[in-house]
Amino acid sequence: MSYADLHLHSHYSDGTFTPEEIVARGQKQGLGALALTDHDTVEGCALMTIECAKAGIEFVVGTELTSEHKDHELHILAYFVDPQNERLLREIGKFQIVRQERIRDMVAKINALGVPLKAEDVFALANCKSPGRPHVARTLVRHGQCRTLDEAFERFLKKGRPAWVPKAKMSALEAIELIHQAGGLAVLAHPGLNRNDNAIPDLVAAGLDGIECFHTKHPPATSQHYLVLAEKHNLLITGGSDCHGMSKGKPLIGTVRLAREHFEKLKLAAADRRSATLK
Ligand code: AMP
Ligand code: ZN
Ligand code: FE
Ligand code: FE
């Protein structure tokens, strides 16, 4: 039985839906559990908690930490963390500032190419503490500098394009420790996108708890590959759609679902972690 969508973004990072919209859509899809995994922030989790409670849906506090290991970018999902954990908030706060500075750097590069764009307009559109490239792309489209978001990425924002700016990231091993001390579970996000299986033993040695086997961009063979690795390393199995809002006229929420048995195992592991953290 499919049950949970554990990878969702809201307008508190680069998604477009409000928590209310996410929960309404999750309910329509018949989902029993949702996790919010905005990039480098837990800001939307308070509202998600309230909306999920109203809808009778289980809610998991989450965030997706942009991190790196041996010069490769990796995304580490944090689940069941305490959203008020001071160290977690302090650390992700630093990366929110990095993101804001990076927006200014990208805008300066776009301006240097003769294209007018104001950082303040990007911040106004983003209206969140954790802005990213999609907000720059949307502002370029809104101001008529690009016709589509794809064009904005292709002309300016993709890695190697003239307005691409690298992002300072936390170490993946530190991210795992940060999540653990906040009472949560650390999960490697969409490994099929990063294709860096060599990092997995190092992450496991640092205490990685799980691996996102099911993801929108994982074809069945990729999911199967990571299910085998999860078994090999005794890792929990997670899954989610990585919905950022409407995608080609339809939202992704509910199109990737985690079976209830895997979700229940996650909850048990989180309860163990929480009681170990409180000791
Ligand atoms: P950032 O965190 O600022 O590096 O932005 C990453 C976000 O940009 C991710 O959520 C992706 O979904 C989105 N993104 C990355 N590359 C592209 C692309 N070529 N076209 C559209 N969106 C993209
Ligand atoms: Zn995103
Ligand atoms: Fe990601
Ligand atoms: Fe994501």
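Only this structure's heavy atoms are used, side chains among them; waters, hydrogens and symmetry mates stay out. All residue numbers in this chain count up from 1 along the given sequence. Every number for a ligand or one of its atoms is a count from 1 in the order of the listing.
Not a single heavy atom of Leu149 sits under 4.0 Å from any atom of ligand 1. Under a 4.0 angstrom heavy-atom cut-off, Glu154 registers as lying outside contact with ligand 1. Ligand 1 has at least one atom lying under 4.0 Å from a heavy atom of Arg99.
Between the side chains of Asp14 and His244, at least one donor N or O sits under 3.5 Å from an acceptor N or O.
Residues Pro83 and Val42 share a closest heavy-atom pair of O-CG2, 3.8 Å. Minimum interatomic distance between Pro251 and Thr255 (heavy atoms only, all atoms of both residues): O-CG2, 4.3 Å.
Each of the following atoms of ligand 1 lies closer than 4.0 Å to a heavy atom of His244: 10 (O). Numbered from 1 in the order shown, with element, the atoms of ligand 1 that lie under 4.0 Å from a heavy atom of Gly132 read 3 (O). Below 4.0 Å from some heavy atom of Arg102 lie the following atoms of ligand 1, by number and element: 1 (P), 3 (O), 4 (O). Taking a cut-off of under 4.0 Å to the non-hydrogen atoms of Pro134, the atoms of ligand 1 that pass are 5 (O), 7 (C), 8 (O), 13 (C). Counting the atoms of ligand 1 from 1 in the order shown, those under 4.0 Å from a heavy atom of His39 are 10 (O).
Between His190 and His218, the ring center distance fails the sub-6.0 Å criterion. When ring centroids are compared, His9 and His7 come within the 6.0 Å threshold.
Between Asp202 and Lys70 there is a salt bridge, since at least one side-chain N of the basic residue sits less than 4.0 Å from a carboxylate O of the acidic one. Of the charged side-chain nitrogens involved, none lies within less than 4.0 Å of a carboxylate oxygen, so that Arg104 and Glu101 do not count as a salt-bridged pair.
Within the 3.5 Å criterion, the main-chain N or O of Ser241 finds a donor-acceptor partner in the side chain of Thr216. Looking only at distances, a side-chain donor or acceptor of Arg195 sits under 3.5 Å from a matching main-chain atom of Gly192.
Protein heavy atoms come within 4.0 Å of atom 7 (C) of ligand 1.
The single protein non-hydrogen atom nearest to atom 10 (O) of ligand 1 is Asp14 OD2, 3.0 Å, given as residue, atom name and distance. Taking atom 15 (C) of ligand 1 as the reference point, the nearest protein heavy-atom neighbour is Phe153 CE2, 3.6 Å.
In the hydrophobic clustering (ILVMFWY side chains linked at under 4.5 Å, chained through shared members), Phe123 is joined by Ile103, Met106, Val107, Ile110, Leu113, Val115, Leu117, Val122, Val136, Leu140, Phe153, Phe156, Leu157, Val165. Under a 4.5 Å side-chain heavy-atom cut-off, the cluster of Ile, Leu, Val, Met, Phe, Trp and Tyr residues that includes Leu149 is completed by Val141.
Sorted by chain and number, the protein atoms of type N, O or S within less than 2.8 Å of the Fe ion (ligand 4) are His7 NE2, His9 NE2, Glu64 OE1, Asp242 OD1.
Ligand 1 has an N or O atom lying under 3.5 Å from an N or O atom of Lys167, backbone or side chain.
Sorted by first and then second residue, the side-chain hydrogen bond (donor to acceptor under 3.5 Å, both in side chains) pairs involving residues 172-185 (not counting sequence neighbours) are Asn85-Gln181, Arg87-Glu177, His180-Asp209, His180-Arg273.
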